[in-house]
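Everything below concerns the one structure shown next.
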Amino acid sequence: MVDAGPGGAEPLTFAQRRIRRSPLLFTAPLVMLGLLVLVLLWEAVRANIAPDTRAQWPWRLQVLDPEALGSLLAVAVGAVLARAQYARTVRPYLGWRAAWEKGHLRGGVPAWRVGILNGGQHIAAVESCDCRVVLAGAGRADSGWIDVPAAVRELTGAGLVVAEDFQMPELGPGFPLVATGSYETVLVGAFSQRFVERVEAFYLRVRVTDIAGDSHERTGDLLKGAKGTAHGPVG
């Protein structure tokens with residue numbers, strides 16, 4: 001799903017997407033396959049020209065004999081298909097889970113607790129986490145993408161208090177998102193009722209690298225669902 005960004009900024013894509021492929025494990029097999037296809041075309045042209053012409057340069061050049069070329073093409077096609085299948089197998093599936101809970105903020109007040117999970121079959125490592133803050137009643141002013149410490153400074157500048165109104169652990173580069181096979185999540189934010197009232201939207205963009213070397217990105221609004229009266233804090 002694609003949505004217009006706050007204040008008419010760049011669109012936000014909430015679906016997970018692959019943003020980069022491994023140059024070594026993805027590009028190299030494709031380059032090898034492309035070169036072999038060029039050799040195949042060259043040999044096909046040589047085989048269909050007159051013998052006296054084939055005796056002259058550059059047509060005298062035979063890069064590979066047909067048997068070796070056929071074997072290498074089969075290997076290259078197999079490598080490309082195997083890599084594609086492997087990438088699908090190890091792809092992470094990033095998701096969010098949120099609920100009103102106690103025990104995350106000072107005083108034991110209910111907090112909108114948001115966690116991220118990896119629903120894939122293999123581990124993924126965090127590349128970066130960026131935030132986007134939209135304060136309520138500020139004409140949907142958009143901070144743009146900033147890191148977690150900068151988001152904390154912006155929120156405290158708006159009068160919100162760390163550990164009292166919110167807490168946001170920073171997932172540094174290399175932090176492992178383990179595929180647990182369950183709905184167990186890693187905490188990315190806990191927000192008080194006051195925070196929910198004073199912040200219009202709080203986006204988190206997480207980028208991870210899977211074990212095939214590909215990079216994936218998922219963006220979510222951490223306050224989605226917190227403002228509904230049916231989901232208000234209990235107690």
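Quick note: numbers below take in every heavy atom, side chains included, and nothing from hydrogens, waters or symmetry partners.
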The complete set of ring pair (Phe, Tyr, Trp, His ring centres under 6.0 Å) pairs with one or both residues in residues 159-180, sequence neighbours excluded, reads F166-F195

Taking the side chain as every heavy atom from C-beta outward, state whether R91 and T89 have any pair of such atoms under 4.5 Å apart.
no

Residues 172-196 vs salt bridge (charged side-chain N to carboxylate O under 4.0 Å, His left out), sequence neighbours excluded, gives D165-R194

If hydrophobic clusters are built from ILVMFWY residues whose side chains come within less than 4.5 Å, do F202 and W100 share one? yes

- Can you find a pair of side-chain heavy atoms, one from P149 and one from E170, that are under 4.5 Å apart? yes

Rounded to the nearest 0.5 Å, the CD1 atom of I146 sits from the CZ atom of R153 at a distance of 8.0 Å

> Quick check: does any side chain N or O of K227 sit under 3.5 Å from a backbone N or O of V196, one acting as donor and the other as acceptor?
Replying inline: yes

Practice task
Would you mind reporting whether L160 and V199 have side-chain heavy atoms less than 4.5 Å apart?
Solution key: yes

### Task
Assess whether atom CZ of R18 is packed by more than 12 heavy atoms of other residues, nucleotides or ligands within 6.0 Å.
yes

I'd like a table of donor-acceptor pairs (distance under 3.5 Å, sequence neighbours excluded) in which one partner is a side-chain atom from residues 75-84, with atom names and distances.
residue, atom, partner, partner atom, Å
R83, NE, L25, O, 3.2
R83, NH1, D214, OD2, 3.1
R83, NH2, A212, O, 3.3
R83, NH2, D214, OD1, 2.7
R83, NH2, D214, OD2, 3.4

dist S128:OG -> D147:CG (nearest 0.5 Å) comes out at 10.0 Å

Here the gap from S71 atom OG to L36 atom CG, rounded to the nearest 0.5 Å, amounts to 11.0 Å

Practice prompt. May I ask you to test the L73-L33 pair for a side-chain heavy-atom distance under 4.5 Å?
Written response: yes

On a heavy-atom basis, the closest approach of T219 and F14 is O-CD2, 3.3 Å

Does L105 offer a backbone N or O that forms a donor-acceptor pair with the side chain of E164 under 3.5 Å? no

Flag, side chain of R20 to backbone of G213, donor-acceptor distance under 3.5 Å: yes

Applying side-chain contact (heavy atoms from CB on, under 4.5 Å), run through R207 and I19 and close with a yes or a no.
CA-CA 9 Å; R207 291 179 177 174; I19 59 174; 3.7 Å; yes

Can you hop from V161 to W112 via hydrophobic side chains spaced under 4.5 Å? no

Given side chains that start at C-beta, do those of F191 and M168 come closer than 4.5 Å, heavy atoms only? yes

- Got Q121 and V90 here, is their nearest side-chain heavy-atom distance under 4.5 Å? no

task = Flag yes if L187 and L204 sit in one hydrophobic cluster, no otherwise; membership is Ile, Leu, Val, Met, Phe, Trp, Tyr, and two members link when side-chain heavy atoms are under 4.5 Å apart.
result = no

Using side-chain heavy atoms (C-beta onward) and a distance below 4.5 Å, is N118 in contact with V178? no

Subject >> Short side-chain to backbone donor-acceptor contact, R198 and A158, under 3.5 Å >> reply: yes

**Asked** Is the closest side-chain donor-acceptor distance between D210 and H122 under 3.5 Å?
**Response** no

**Asked** Can you find a heavy atom in the side chain of E217 that is under 4.5 Å from one in the side chain of Q16?
**Response** no

Q) Is the cationic atom of R205 (NZ for Lys, CZ for Arg) positioned less than 6.0 Å from the six-membered ring centroid of W145 and within 45 degrees of its normal? A) yes

Closest non-hydrogen contact found for P169 with G189 is CD-N, 4.3 Å

* Given the rule that I, L, V, M, F, W and Y join up when any side-chain heavy atoms are under 4.5 Å apart, are L177 and I123 in one cluster? -> no

* For the pair T185 and R113, evaluate side-chain contact (heavy atoms from CB on, under 4.5 Å) and give the outcome as yes or no after the intermediate values. => CA-CA 10 Å; T185 62; R113 191 265 189 198; 2.5 Å; yes

Hydrophobic cluster membership, V186 vs L117, 4.5 Å side-chain cutoff
no

For a quick check under 3.5 Å, do S215 and E127 share a side-chain donor-acceptor pair by atom type? yes

